[in-house]
Q: 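Take this structure, written in structure tokens, and hold onto it; I'll ask about it next.
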Amino acid sequence: MGLNKKSVDDINAKGKRVLVRCDFNVPLKNGEITDETRIVAALPTINKLIKDGGKVILCSHLGKVKNGPNEGESLAPVAKRLSEKLGKEVKFISDYNVTGQETTDAVAAMNEGDVILLQNTRFRGKEETKNGEEFSKELADLADLYVCDAFGSSHRAHASVEGVTKFITAKGGENAVGYLMQKEIDFLGNAVENPVRPFVAILGGAKVADKLNVINNLLEKCDTLIIGGGMAFTFLKAKGYEIGNSLVDDEKLDYCKEMMEKAEKLGKKLLLPIDTTIADGFPNPIDAEIAIEVVDADKIPAGKEGLDIGTKTAELFADAVKSAKTVVWNGPMGVFENPILAKGTIAVAKALAETEATTIIGGGDSAAAVNQLGFADKMSHISTGGGASLEFLEGKELPGVVAADDK
Ligand code: AMP
């Protein structure tokens, strides 16, 4: 999919107020940022706009803000870290109203190349509802141009992602996408629509129900679809295997049968675990030491629970990766939070790190696993958006992309 959308290279930011929606939804522990990936990923667009002489107004959400605005979900720590990364002041507007008087005054006082960061957009509450018109307009009132670089939020039609663009257009402004958005869409889009073959897609994680459309869409696009993690057991049960107490979604058994038939009809390989790592039950706490055993996938004893792929499966999956030219991976192969049950996920991560193929990690847990294992720089692309990359892999159009002006 070629991205025929205006980018930051197609707009003239000189002297203009540019509102940039970033994804600064970073993990925090006691007010400290524990992973700055999303901040680093936003730098190319911000630096470009500074260099062009724009007045750069940044905004983002952070966390779920379930109980209303609070200092624990303030973007203040992001302003500080961003300032260090850019090597210049990032003025933080702490205004819980996001677009109130403090903000309008600060914007009015901006010079070319200045950067300010607004408060958490979810502090307004309306960000997530359909009645965000007022907030969308107030955001648009702050700026002449709008740039969306928040890939991780681009699957949501929120005020700061989509709503704002209508008001920018109405006053004759332009809406563009940033470099991060471009990069994400280039990698994910090329992998899905125009992959160098063989194209192997690997899916894992807990539930089949969460990934129904991804399975269906990828089956059509890839050459080999690998399914591991908790979701594999619904497939194994659909094949008639005993799966003990393993995670299962009985309502999706017919769906799994349908997908297996579809794979056969299309001549695609659908690889499922041939052995599995079992235990007496789910570890509690999740990182508890537990006794495990590896058994063939069709020999899971009643009462036991499959919590990771087995050794033969890890080899089978790694072999499929070896001969691939493009690999997309989303979701762990087992309960990787427990080191005893992380072997399958590690084996897949290692196989991806060792192949010459283009490797794309679809955010979320698989991205965390790759980062933790120190394989990040061995991957071609690690998506910054878990939910957004999944929707992309489903073949859905992302509101944040659609809303940008065509070239
Ligand atoms: P998801 O959010 O769907 O990508 O799922 C990630 C979660 O799936 C992780 O927290 C894993 O612990 C969990 N998971 C992976 N494999 C299994 C399994 N065999 N049984 C139960 N949970 C699993």
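We're numbering straight along the sequence, starting at 1. Scope of the values below: all heavy atoms of this structure, side chains included, with no hydrogens, waters or symmetry mates.
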Q: At what distance, to the nearest 0.5 angstrom, does CG of Asn120 lie from CG of Asn25?
A: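 The CG atom of Asn25 is 8.5 Å from CG of Asn120, to the nearest 0.5 Å.
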
Q: Do Arg197 and Asp223 meet the salt-bridge criterion of a basic N to acidic O distance under 4.0 Å?
A: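 So Asp223 pairs with Arg197 through a salt bridge.
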
Q: Check the pair Leu118 / Leu75 against side chain to side chain contact (heavy atoms under 4.5 Å, CB included), numbers first and verdict last.
A: CA-CA 8 Å; Leu118 308 185; Leu75 277 168; over 6 Å; no

Q: Please report the shortest heavy-atom distance between Leu142 and Ile57, naming the atom on each side.
A: O-CD1, 3.5 Å

Q: Within this structure, what is the CZ-CD1 distance for the pair Phe24 and Ile33, rounded to the nearest 0.5 Å?
A: 9.5 Å

Q: What are the two closest heavy atoms between Cys256 and Ala238, and how far apart are they?
A: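 It is CB-CB, 3.9 Å.
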
Q: Is any side-chain heavy atom of Val18 less than 4.5 Å from a side-chain heavy atom of Val56?
A: no

Q: Where do Leu145 and Glu174 land on the side chain to side chain contact (heavy atoms under 4.5 Å, CB included) test, with the steps shown first?
A: CA-CA 5 Å; Leu145 304 170; Glu174 293 175 279; 3.8 Å; yes

Q: If we ignore angles and hydrogens, is there a donor and acceptor under 3.5 Å between the side chains of Glu184 and Thr384?
A: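 Result is yes, a qualifying pair exists.
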
Q: Can you tell if the side chain of Ile243 reaches within under 4.5 Å of the side chain of Val248, non-hydrogen atoms only?
A: yes

Q: Would you say that more than 12 heavy atoms from the other residues, nucleotides or ligands in this model lie under 6.0 Å from the NZ of Lys325, or not?
A: no

Q: Is there a donor-acceptor contact under 3.5 Å from the side chain of Asp52 to the main chain of Gly54?
A: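 No: the side chain of Asp52 does not pair with the backbone of Gly54.
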
Q: Would you check if Leu82 and Leu43 make a side-chain contact, meaning some heavy-atom pair closer than 4.5 Å?
A: yes

Q: Looking at Lys91, I'd like to know if its NZ atom is crowded, meaning that more than 12 non-hydrogen atoms belonging to other residues, nucleotides or ligands lie closer than 6.0 Å.
A: no

Q: Regarding Arg81 and Glu36, does a basic nitrogen lie under 4.0 Å from an acidic carboxylate oxygen?
A: yes

Q: Side chain of Asn190, backbone of Phe187: donor and acceptor closer than 3.5 Å?
A: no

Q: Does the side chain of Thr99 come within less than 4.5 Å of Phe135's, by heavy atoms?
A: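 When only atoms from C-beta onward are counted, Thr99 and Phe135 do touch, with a gap below 4.5 Å.
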
Q: If we ignore angles and hydrogens, is there a donor and acceptor under 3.5 Å between the side chains of Lys396 and Asn213?
A: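 No pair is found: no donor N or O on one side chain lies under 3.5 Å from an acceptor on the other.
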
Q: Considering non-hydrogen atoms only, spot the tightest contact between Ile309 and Gly344 and give its length.
A: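 Here Ile309 and Gly344 meet closest at CG1-CA, 3.5 Å.
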
Q: From Asp95 CG over to Thr103 OG1, what is the distance, rounded to the nearest 0.5 angstrom?
A: 4.5 Å

Q: First locate atom CE of Met333, then atom CG of Leu341, and finally report the distance between them rounded to the nearest 0.5 Å.
A: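 Rounded to the nearest 0.5 Å, the CE-CG separation comes out at 14.0 Å.
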
Q: Is the backbone N or O of Asn338 less than 3.5 Å from a side-chain atom of Asp287, with the two atoms forming a donor-acceptor pair by type?
A: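 Not confirmed, Asp287 side chain does not pair with Asn338 backbone.
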
Q: What pairs with Ser94 under side-chain hydrogen bond (donor to acceptor under 3.5 Å, both in side chains), at least two apart in sequence or on another chain?
A: none

Q: Would you check if Val177 and Asp149 make a side-chain contact, meaning some heavy-atom pair closer than 4.5 Å?
A: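 Heavy-atom side-chain distance check fails, nothing below 4.5 Å.
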
Q: Checking Asn245 side chain against Glu305 main chain: does a donor-acceptor pair fall under 3.5 Å?
A: no

Q: If every non-hydrogen atom of Val196 is compared with every non-hydrogen atom of Thr326, which pair is closest and at what distance?
A: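 Scanning both residues, the minimum pair turns out to be O-OG1, 2.7 Å.
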
Q: Can Ser160 and Arg21 be counted as having a side-chain donor-acceptor contact under 3.5 angstrom?
A: yes

Q: State plainly whether the residues Arg156 and Glu162 are in salt-bridge range, i.e. N to O under 4.0 Å.
A: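 Looking at Glu162 together with Arg156, the answer is no, because their closest N to O distance does not fall below 4.0 Å.
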
Q: In Å and rounded to the nearest 0.5 Å, what is the CZ to NZ distance from Phe235 to Lys252?
A: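 These two atoms lie 11.5 Å from each other.
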
Q: Does Asp406 pair with Lys5 as a salt bridge, N-O distance under 4.0 Å?
A: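 The answer is yes: the pair qualifies as a salt bridge.
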
Q: For the residue pair Asp275 / Thr313, report whether a side-chain donor-acceptor contact shorter than 3.5 Å exists.
A: yes

Q: Treating Asp308 as the side-chain partner and Gly306 as the backbone partner, does any N or O pair qualify as donor plus acceptor under 3.5 Å?
A: no

Q: Without swapping roles, check the side chain of Asp144 against the backbone of Lys16 for a donor-acceptor pair under 3.5 Å.
A: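 Not at all, since once roles are kept as given, no pair shorter than 3.5 Å links the two residues.
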
Q: For the residue pair Val200 and Ala320, what are the closest heavy atoms and their distance?
A: CG2-O, 3.7 Å

Q: Counting only heavy atoms from other residues, nucleotides and ligands, does the tally under 6.0 Å from NZ of Lys269 exceed 12?
A: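 Open.
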
Q: Rounded to the nearest 0.5 Å, how far does OG1 of Thr37 lie from CD1 of Ile382?
A: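 If we round to the nearest 0.5 Å, Ile382:CD1 and Thr37:OG1 are 8.0 Å apart.
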
Q: Within a 6.0 Å radius of atom CG on Asp377, are there more than 12 heavy atoms belonging to other residues, nucleotides or ligands?
A: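 Correct, the count exceeds 12.
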
Q: Between Glu354 and Lys350, is the closest basic N to carboxylate O distance under 4.0 Å?
A: yes

Q: With no hydrogens and no angle check, just 3.5 Å: does a side-chain donor-acceptor pair link Asp186 and Gln182?
A: no

Q: Under a 3.5 Å distance rule, please check whether Asp10 uses its side chain to pair with a backbone N or O of Ser7 as donor and acceptor.
A: yes

Q: Phe123 vs Tyr96 aromatic rings, parallel, tilted or perpendicular, using cut-offs 30° and 60°?
A: perpendicular

Q: Can you tell whether the side chains of Lys6 and Asp405 come within less than 4.0 Å, N to carboxylate O?
A: yes

Q: Would you say the side-chain atoms of Asp23 pair up with the backbone N or O of Phe151, donor to acceptor, closer than 3.5 Å?
A: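 No, because the side chain of Asp23 does not come within donor-acceptor range (under 3.5 Å) of the backbone of Phe151.
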
Q: Please say which of Thr45, Asn47, Ile46 ends up in a side chain to side chain contact (heavy atoms under 4.5 Å, CB included) with Leu49.
A: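 Checked Thr45, Asn47, Ile46 against Leu49; only one passes side chain to side chain contact (heavy atoms under 4.5 Å, CB included): Thr45.
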
Q: Return yes if some donor-acceptor pair links the side-chain N/O of Thr355 with the main-chain N/O of Ala351 below 3.5 Å, else return no.
A: no

Q: Cut-off 3.5 Å, side chains only: do Glu73 and His61 have a donor facing an acceptor?
A: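 No, no side-chain donor-acceptor pair sits under 3.5 Å.
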
Q: Would a 4.5 Å heavy-atom cut-off, applied to side chains only, mark Leu86 and Ile50 as touching?
A: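 The answer is yes; the side chains approach within 4.5 Å.
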
Q: For Ala279, does its backbone N or O pair with a side-chain atom of Lys304 as donor and acceptor, under 3.5 Å?
A: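 No; zero donor-acceptor contacts below 3.5 Å.
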
Q: Between Ser60 and Arg38, does a side chain to side chain donor-acceptor pair (under 3.5 Å) hold up when you go through it step by step?
A: CA-CA 11 Å; Ser60 173; Arg38 287 180 164 166; over 6 Å; no

Q: Does the distance from a Lys or Arg side-chain N to an Asp or Glu carboxylate O, for Glu220 and Lys262, drop under 4.0 Å?
A: yes

Q: Would you mind checking if Lys211 and Glu394 are paired as a salt bridge, meaning a charged N to carboxylate O distance below 4.0 Å?
A: no

Q: Please examine the side chains of Ile290 and Leu307, heavy atoms only from C-beta on, and report whether any two atoms are closer than 4.5 Å.
A: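 Yes - at least one pair of side-chain heavy atoms lies under 4.5 Å apart.
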
Q: Do Ser366 and Asn330 pair up side chain to side chain, a donor and an acceptor below 3.5 Å, judged on atom types alone?
A: no

Q: With heavy-atom distances below 4.5 Å as the criterion, would you say the side chains of Asp249 and Lys207 are in contact?
A: no

Q: For Asn216 and Met259: C-alpha separation, side-chain torsions, deciding distance, then whether side chain to side chain contact (heavy atoms under 4.5 Å, CB included) applies.
A: CA-CA 7 Å; Asn216 190 33; Met259 288 301 110; 3.6 Å; yes

Q: Let me see the working for Trp329 and Thr345 under side chain to side chain contact (heavy atoms under 4.5 Å, CB included), right down to the final yes or no.
A: CA-CA 11 Å; Trp329 178 25; Thr345 303; 3.9 Å; yes

Q: Can you name the closest pair of heavy atoms from Ala79 and Phe92 and give their distance?
A: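 Here Ala79 and Phe92 meet closest at CB-CB, 3.7 Å.
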
